[in-house]
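Inspection log for the structure reproduced underneath, given as structure tokens.
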2 protein chains.
Amino acid sequence: MDTARADRHPDHRWPDWRDQRPEAPGPHLDHAAAGRSSRAVLRATSNHAQLEAQLGGYVAEEQARPVIEAGRAALAGLLGLPTDGLAFVENASAALGRLLMVWPLPDGAPIAMVPSEWGPNLEAFARHGFPTIELATDGAGRVDLASLETRLATAPPAVVHLTQVASHRGLVQPVAAAARLCRAAGVPLWVDAAQAVGHVDTATGADAIYGTSRKWLTGPRGVGMLGIAEPWWERLIVPTSALTPDGTPVVRMLEPGEAHVAGRVGLSVAVREHLDAGPADVRRRLTEVGRITRETLADLPGWQVVDAIDTPCAITALRPTAGQDLIATRGRLIHDHHIVTTVAGVGRAPREMTTPFLRISPHVDCSPADLADLRAALTIPTRAPR
Amino acid sequence: MDTARADRHPDHRWPDWRDQRPEAPGPHLDHAAAGRSSRAVLRATSNHAQLEAQLGGYVAEEQARPVIEAGRAALAGLLGLPTDGLAFVENASAALGRLLMVWPLPDGAPIAMVPSEWGPNLEAFARHGFPTIELATDGAGRVDLASLETRLATAPPAVVHLTQVASHRGLVQPVAAAARLCRAAGVPLWVDAAQAVGHVDTATGADAIYGTSRKWLTGPRGVGMLGIAEPWWERLIVPTSALTPDGTPVVRMLEPGEAHVAGRVGLSVAVREHLDAGPADVRRRLTEVGRITRETLADLPGWQVVDAIDTPCAITALRPTAGQDLIATRGRLIHDHHIVTTVAGVGRAPREMTTPFLRISPHVDCSPADLADLRAALTIPTRAPR
């Protein structure tokens, strides 16, 4: 099957990707919110829930262990970490909460980030009592590596935190290069990969990286992941429990005792499908999809494409320039055209955004027809000239 | 359908309860670990996941809102709370973690509990920096109400915490009576209802109560609930987020931003089934099942029933008296007899337990044949007399 698939022209694989999923009523251009799971992922998830009802939840979990552990190994590989460095958690926010609890950070030490940082992450830093400092960026909002190097040498923060792919617009941080600088300076780099895993290269050498199942990997909702690099394992301050089995790897102790295990099974299948599709090919295709989306919308009256045309990701932000109400526009797109998008409010990046954007985030199966439908639906009717 | 069901002799309903579930390979005597979901619950859960893949996760969630909100109202009713007092959370431990974060407790104030308290709860109290004090109990381990009243008057703790139904043995706390005393003294009562909801009466007047979907309610894994009584809503210290919609009730702000929403749909169906079955009838039946279980096993050589025979719940603990290895016994029950049970290690109640128990926890469908199978499987072979 793999051979047959590889023999086909790559462009033919993406319609297959769509065919593997339940039929959607229209273009799903909202993978940055939640992706569309394949029938195999849905089946594996519901089959596991069925098994739980037959055998009991914990007997079923034991039986699914090989599938889940294969998923763990595959996910860890995607994040560039050893298998024991990966914990399944509830979602990306829970992962950051765990990091802030267990990492050996001095009280009150600053966390360095860029102005485009995801709002709820800023809220979590504040809630845990950590001040933040802003790193210099280039015109596109990417961390400036020369400034970072200087900062690390002269006034090192406790940790550098980068959101690898932004939520509100097409913006990809140079995480691998930042990781090299941070590693050399002995400052840990944490990466929010909620929009990055399954989308861009996430094996970047970060010290901690976390993400979610439901977006670009198109796994189930209610499952996330937290990866921590091996040099940190013994330094984490992990709460112990008498109920934890002896010999449990330290990072795995960060997993909740009770969880959506059927979702972990589904995610494991989703990761295998991602590897079968070829992560590098998926990345190239998502970059292409982003470029085509921006090209299609670039000259659309009443809308401004926020991102640079060649931003290497599939997220595009549109700024309304004719006073359109975005909430109403999103609703109209869904109800009248079955086109799914998201309104990104300023709370998503409160240090950078001043007005909301309409976010377009297709996956590899995006077709020219989808984008033509979107363009037509976004076109503002003009009065006929007299 | 309800009329036809009510016309039948109550004893006939419990085989129906079993028929509504996928067939199990043998007696499932482990509902205190995870219950067996009905086919309707499994179908609702997997149908929602399918809808997510078709419409997008958030469009599907919006569409499921009436089902989920009906489930919220029904669950709140079971807990004796207004609908806005209920939050869906990941699991019972997450609920307690939220309570310890948001409740207006003075730093270092003691939490009062009984020696049978669930070990991970004690670990959570310690992790959050709260000392504990032990309340006096009667011979069975129930809080002594006269001593509690004196304690509340003379040296009131910051909060009284009771686990309504213990995990490790048949033990039910007099929560309604304790709630009246606490209310009169102005001391909040928190109730861990992980083993109680769907099992005993949980509308007891507690100030906070939390539990899980997967046990006696037989809903999906990965979903829990936290209920808080209205007088406390305005006093909670709830972190705010710019992404929270205006007008969100304060308790609902304790819900995670990203969740196993399909599981909430499944839980909502499970709660409706519980209400259809009649919560009072289910409670009576579970008390009966517990008594019959203990009677069946009372004179079994090599085993001692730990609980009083008429303990009003369906959990039974067995202490081995002939040196049996419980882990091996549990494994043998599953593999040789398809009988599912749990080994309750001392970490579950570290202030009370000194040796592990074998825990038996049937649901309403438990039959005399199930218990005869269990008794036979637990019988220690004796040598024939010479």
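Remember, it's a predicted structure, so these values are computed and weren't measured experimentally. In what follows, every chain begins at residue 1, and chains take the letters A, B, ... in the order their sequences are listed. All values below come from the heavy atoms of this structure, side chains included, with hydrogens, waters and symmetry mates left out.
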Under 4.5 Å heavy-atom distance to chain A, tell me which part of [X] shows up: side chain, backbone, both or neither.
X        : value
B:Arg21  : neither
B:Glu258 : both
B:Pro220 : neither
B:Ala259 : backbone
B:Leu42  : side chain
B:Glu62  : neither
B:Arg330 : side chain
B:Ser241 : both

Based on non-hydrogen pairs under 4.5 Å, which of A:Arg43, A:Glu23, A:His31 is most in contact with chain B?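 So the answer, after comparing A:Arg43, A:Glu23, A:His31, is A:Glu23.
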
Are B:Glu52 and A:Arg36 ion-paired here, with the side-chain N under 4.0 Å from a carboxylate O?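 So B:Glu52 does not pair with A:Arg36 through a salt bridge.
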
Go through the steps to decide whether B:Arg39 and A:Gln50 satisfy the test side chain to side chain contact (heavy atoms under 4.5 Å, CB included), and finish with yes or no. CA-CA 8 Å; B:Arg39 279 189 295 271; A:Gln50 164 99 11; 5.5 Å; no

So if I take each residue of residues 335-362 of chain A and look for any heavy atom under 4.5 Å from a heavy atom in chain B, which residues do I end up with?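 Residues A:Val340, A:Gly347, A:Arg348 are the ones that qualify, each having a heavy atom under 4.5 Å from chain B.
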
Minimum heavy-atom distance [X]-[Y], with the two atoms named:
X        : Y        : value
A:Pro22  : B:Ala53  : CG-CB, 3.9 Å
A:Ala33  : B:Tyr58  : O-CE1, 3.6 Å
B:Glu90  : A:Glu90  : CG-CG, 3.6 Å
A:Gly257 : B:Arg221 : O-NH2, 4.5 Å

Measuring heavy-atom distances to chain B, does A:Thr218 have an atom under 4.5 Å in its side chain, in its backbone, in both, or in neither?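 Contact with chain B involves no heavy atom of A:Thr218 at all.
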
When only pairs under 4.5 Å are counted, which of B:Asp30, B:Thr212, B:Val261 shares the most heavy-atom pairs with chain A?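 Of the candidates given, the most pairs with chain A belong to B:Val261.
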
Could you state the interatomic distance from NE2 (A:His28) to CG (B:Leu55), rounded to the nearest 0.5 Å?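 A:His28 atom NE2 to B:Leu55 atom CG measures 9.5 Å (nearest 0.5 Å).
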
Taking C-beta and beyond as the side chain, do B:Thr45 and A:Ser46 meet within less than 4.5 Å on heavy atoms?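 Sidechains of A:Ser46 and B:Thr45: no contact.
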
Taking everything shown except B:Met101 itself, do over 12 heavy atoms lie less than 6.0 Å from its CE?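 Open.
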
